Every structure is written in C-alpha cells, then in structure tokens.
Amino acid sequence: MGLGPRSPHKVGRRFPAGGKRGRGAKGLGRPLPGSKRQPWPPPDRRSEQPPDSHPHLSPEALGYFRRALSALKEAPETGEERDLMVHNIMKEVETQALALSTNRTGSEMLQELLGFSPLKPLCRVWAALRSNLRTVACHRCGVHVLQSALLQLPRLLGSAEQEGEDGKDGPTETLEELVLGLAAEVCDDFLFYCGDTHGSFVVRTLLQVLGGTILESERARPRGSQSSEAQKAPARECKPADFEVPETFLNRLQDLTSSFLKDIAVFITDKISSFCLQVALQVLHHKLPEFCAYLCNAVIGYLSTRSSSVDGSPLLLFLRDQTSSRLLEQVLLVLEPPRLQSLFEEHLQGQLQTLAAHPIANFPLQRLLDAVTTPELLSPVFEELSPVLEAVLAQGHPGVVIALVGACRRVGACQAKVLQLLLEAFHCAEPSSRQVACVPLFATLMEGAVPAEHQVAVFWGWAHPPGLLVEMAAARALGDVTVLGSLLLQHLLHFSTPGLVLRSLGALTGPQLLVLAQSPAGSHVLDAILTSPSVTRKQRRRVLQNLKGQYVALACSRHGSRVLDAIWSGAALGARKEIAAELGEQNQQLIRDPFGHHVARNVALTTFLKRREAWEQQQGAVAKRRRALNSILED
C-alpha cells in the first residue's frame, strides 16, 4: 500500500536546488519494470525444485483462469447463471490458491476474481492461504492478493451471510474470524512483518481495515501489478473512506498500537517499518484520536530524550534525517492544536529559517504550516519566516512559501502582509504599475523565461535592467504554469481581498487567458475564480469576458472544456446565449472533436440552433431550479 505523493507542494518542483528530496524511495513498493527480480521456477522442471518452493501453476490452469475471468466480465451483472459461474470458478481457485498467489499473472487474475467473489467463497480461499500466511504475505505477488482480500471487507462485512455454517463445502469461518486470525498472527511477529518489504504492505492494509478507514492514498492507488486491461475493469474496491467494523476490530487495532510502543526506536529509524507507524497514526487520528495522541507523545518523548543537538532540541536532528523526518511529518499533521502549539514552542521556535533552508527538513516544516489552524500559532511562525521568503524561493524550496500562504488563507490572518512580501520577492511591488504582472510571475515562477545561465540572477532581480523582469513576464505565454504557481494563485484568490490578483488576471489578453485555461495546472486557477467566495460576480465577469472569442478553442481542449463546463454551470441565461451562439458557428468542428462534442451536448447546441425558443425555455427552467437549490443551501 503506497502512501501517496510526498505532498501537493512537491509536485512539479522546478526551482534551483529544488530537485528530489534525496530520500531513497526505491524498494518501498512493488518492483519497478526492469528491476531485478527473483527467477521464476522453470515450468518444465518441477522435479528439480526444492521441496519448500512455491507450487507450480501449469499453463493449462493459467489458461483456464484467464478464460474464466474473461467470461465473468462479459456475463450479466446479476442472475442465477452468473452466481453459478462465480461459485464454480472460486471452487477451482480454492484448490490452487497458493499457486495462483505466487504466480505473477495468476496473482493479477486472482485479485480481480476476489472483487467478484461472494462472502463464503472468499472466506474459503482465505482459509486455504492461512497455513502459508508468511509465504504469501512476504511474496512479491502474494502480498497483493492478501491486500485485495482485505479490501473486500467494506463490500462484504455487512453481508447477511456473515454467520458461518456447515454446508456441503465444509465448515466456514466468518470473515471477522479470519481477519482477527490474520491480525493475531501479525501481532505475534509484528516486528518481522512491519520490517519486511512486502509484508509491511499487509500490515498497512490490515491497520486500515481494523480501523474501518480506507485512506485516500489506497483508494486512489491503481493496482500496480495489474495489466492495463485489469486497471480499466470496473473497480470493486472503489469503496467509501469509512465503513462499520465490529468492536473486536477496534480492540485488535489497539493491541497493534501497543506493539508499536514495544519497539518504538525501530519504527522511528527503519525506513520500511516507519511506514506502518505512519499509517497507524492516520487511522488512529480518524477513529481513535486518544490513542493517536498517546502514540504521538511516545514518538516525541523518545526523540526528545536522544542526544542534544548543537543548535537546540534533539528533535531538530531527526527533522533532518531521511527516515524519521517522514514520520515526524505525519505526527505534525495529526497533532491536536494545543499539542502542536506546545511542540512548536518547546522544540521549533527560532529554528524555522534553518529548517526552511535544509533540503530535507523543509518538508516537515511544510507539514507544520499545513497543520496551522490558529492565529496564536500562525503569528510567531509568520514573524519568523516572513523575512526570508525570497531567500527560501531562491534556495529551491517554494513549497515552504506556498504552505505559508495556505496557512494565511486558512486562518484568515496576515494575508495583506504575505501578498506584499510576495510582490517584493518577485520584484513587482514598486512602482505600483508593475503589480499588474504579478499573475504571470506567480503562475510560472519565471522558470524558463531566460537562458539557463542567467535564469537565477534574472529570476530574483539581480543585475537586470529596471522593468525587464516584469515586461518579460507580461509578454510571455502562460503555457509553463507550474503546479506550485497554480497553488499559489488559488490561495491568493481565496484571500478575503483578492482584488490585486483579479486585476492582474483581467489584464491578460484573451489568448493568454486561453492558454492558462488549457494548462493542466493553470485551469485550476480559473476554477478558483469561479468558486472563491471572495470573488464577486462583477469581478468574475470582468475577468471571464476576455475569453469571448475563445470558447471554441476552450471546448476542444481537454482541460479547457472542463473550465468551459464550469463557466456554463454558473452562467446566467444571457451569458449562456452568448456562449451558445459563439459555439454554434463552429458546430461541425465541435461534433468531430473528442472533447468538443461533450460540450456541445452539455450546451444542447443542436436544440439551440434548430429550436431556439424551446432551448430558452429549457435553460430558463434549469436556472430556476438552480436558484431554488441555492436558496435551500443558503437557508
């Protein structure tokens, strides 16, 4: 189970000295294509295999399961014939569960088959694997089968068939008993499973299932070992984040939490084991916050007793460490505000500038800023970081600045001050006429505006003629909008007074605004204009009117069409007429375009062109329903 991206502020980093964090991320998940793998057993030399080797899956059996899975996908969603087919297939799976689990292709098919399985067949397959749990859990393919089985719980745990019974297939344990049995075995050898590259994935998924919380990173993660065809198949594991679990699950989760405390030093310093503790903190924060706080205090208490740092708290040493700093990031995110305030005052105050400049420690600092929710904490943090914003950007750590701006947005304080500091950092504060160029500067962060050998100097305004930087930014296209630049503008547009940014956006030409809307990152800036409660209808209309004449190009763009749909959803009847009229002039082009034909259907363009009166009545009814819904929501 992956942990998701490093943070939203890392994606797309393109600043000087802002490359990869320097942590060894390889080897933490499934083997990458082309990486060194253990040799597969030769299919025609089973007699030469050692007695304890994995059972062999014959080509005939592999072909059978491949055909069975294909037939199952094509069968009707419900019906007696489908139920019988599933029963027969899972009966065959039960007899070869271990061989399927430890075969690369077989494990991929078994993961899909588990998504179709009813409760009892899945329990029998699980029971068939139980005697070889360690073998399967620590196998590069088997681990994903166990994960898939665990991730069926939200679908099956409340099934009416939950009670086990003795039937013609023999006694069947309940799903609850099987999960608790797995948890007990993992708990008995907890350190081993958490420290194993593959076994740790089972522990992380088990923690989520016991807590009745499937983390977003797991729900969004594609099954990495599956084929492209498998990834396109309907995902039975697309489940809600929370689901009901029996009290016994939460009790077992508490037992596993105690296991972390027995070897806390290992879980803080070992790269693989640390991931299990990070997931546990997320699950406990959601379901058992008191245990989460206890575990956080244990981590902080242990680190605080280590050898002192030459420049302050011992915690500072671990914030600079590749492994322990990741754990501390999660601790910072789940701490309650009073405890976060005391942690800052006791260990971090006076050290933020040093942390912001460090290639590793700047990431925990970003998480601290993401966790700020009170003016009492924001005030000293802002006071400490505000003098060095430009230096932090120049060092290649713009995520720190974005996180600070996000904290100002969230708390609703220091907004005017941080905007002024940004204008000064980008050298467009004085004279005031230069402020109109702030959006191109913020959006692109001037990456690539000048030859590489002069980029840093010109970027930060060193030795350039007055006004040159701003003129270059205003003249350049907005096709190089960075994710960080987009996030910065989104935060600023949600400030209580976004007038300056809106004036800069209003100064963009139609083609420049079109490029912004067509950009994967820049399109979200337009979303912020449409959704920010701080942007008035008049201000919104003033910016968006520059898109007139660009609607067809917007409609025929992957990201622009989404922006146009959002504009259409909030447009009054008069604005809708203007958009439809412009699109109608290129109706055939829209129909032929893979994105444009969806826009044409959403706008009801055919009706607009052939039956204008009916179209107006239809749009008037839609507008009336929208007003009624808004009135209900406001009440």
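It should be emphasised that the depicted structure is a prediction, and the values quoted were computed from it without experimental measurement. For the numbers below, each heavy atom of this structure counts, side chains included, while hydrogens, waters and symmetry mates do not.
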- Task: Could you walk me through whether L284 and Y294 pass the side chain to side chain contact (heavy atoms under 4.5 Å, CB included) test, one step at a time?
- Result: CA-CA 10 Å; L284 291 169; Y294 183 71; over 6 Å; no

- E290 atom CD, neighbour heavy-atom count above 12 within 6.0 Å: yes

- Message: Please check this pair: side chain of S117 against backbone of L113, looking for a donor-acceptor N/O pair closer than 3.5 Å.
- Response: no

- Task: Check whether any side-chain N or O of S200 sits under 3.5 Å from a backbone N or O of T197 as a donor-acceptor pair, and report yes or no.
- Result: yes

- Is the shortest distance from a Lys or Arg side-chain nitrogen in D370 or R367 to a carboxylate oxygen in the other one below 4.0 Å? yes

- Counting N and O atoms only, with roles assigned by atom type, does the side chain of R130 sit under 3.5 Å from a partner on the main chain of L178, one being a donor and the other an acceptor? no

- side-chain contact (heavy atoms from CB on, under 4.5 Å) partner of L206, the single match among V279, L253, V179: V179

- Message: Within this structure, what is the CD-CG distance for the pair Q278 and L328, rounded to the nearest 0.5 Å?
- Response: 9.5 Å

- Return yes if some donor-acceptor pair links the side-chain N/O of S523 with the main-chain N/O of P520 below 3.5 Å, else return no. yes

- Message: Can you tell me how the ring of F190 sits relative to the ring of F260, calling it parallel under 30°, perpendicular over 60° and tilted otherwise?
- Response: perpendicular

- Donor-acceptor under 3.5 Å (N132 side chain, T135 main chain): no

- Message: Donor-acceptor check, side chain of D321 to backbone of S324, threshold 3.5 angstrom: yes or no?
- Response: yes

- Heavy-atom donor-acceptor pair, R204 side chain to F275 backbone, under 3.5 Å: no

- Task: Taking N297 for its side chain and A293 for its backbone only, find out whether a donor-acceptor pair lies under 3.5 Å.
- Result: yes

- Task: Output yes when a side-chain donor or acceptor of Q330 lies under 3.5 Å from a complementary backbone atom of R326, and no otherwise.
- Result: no

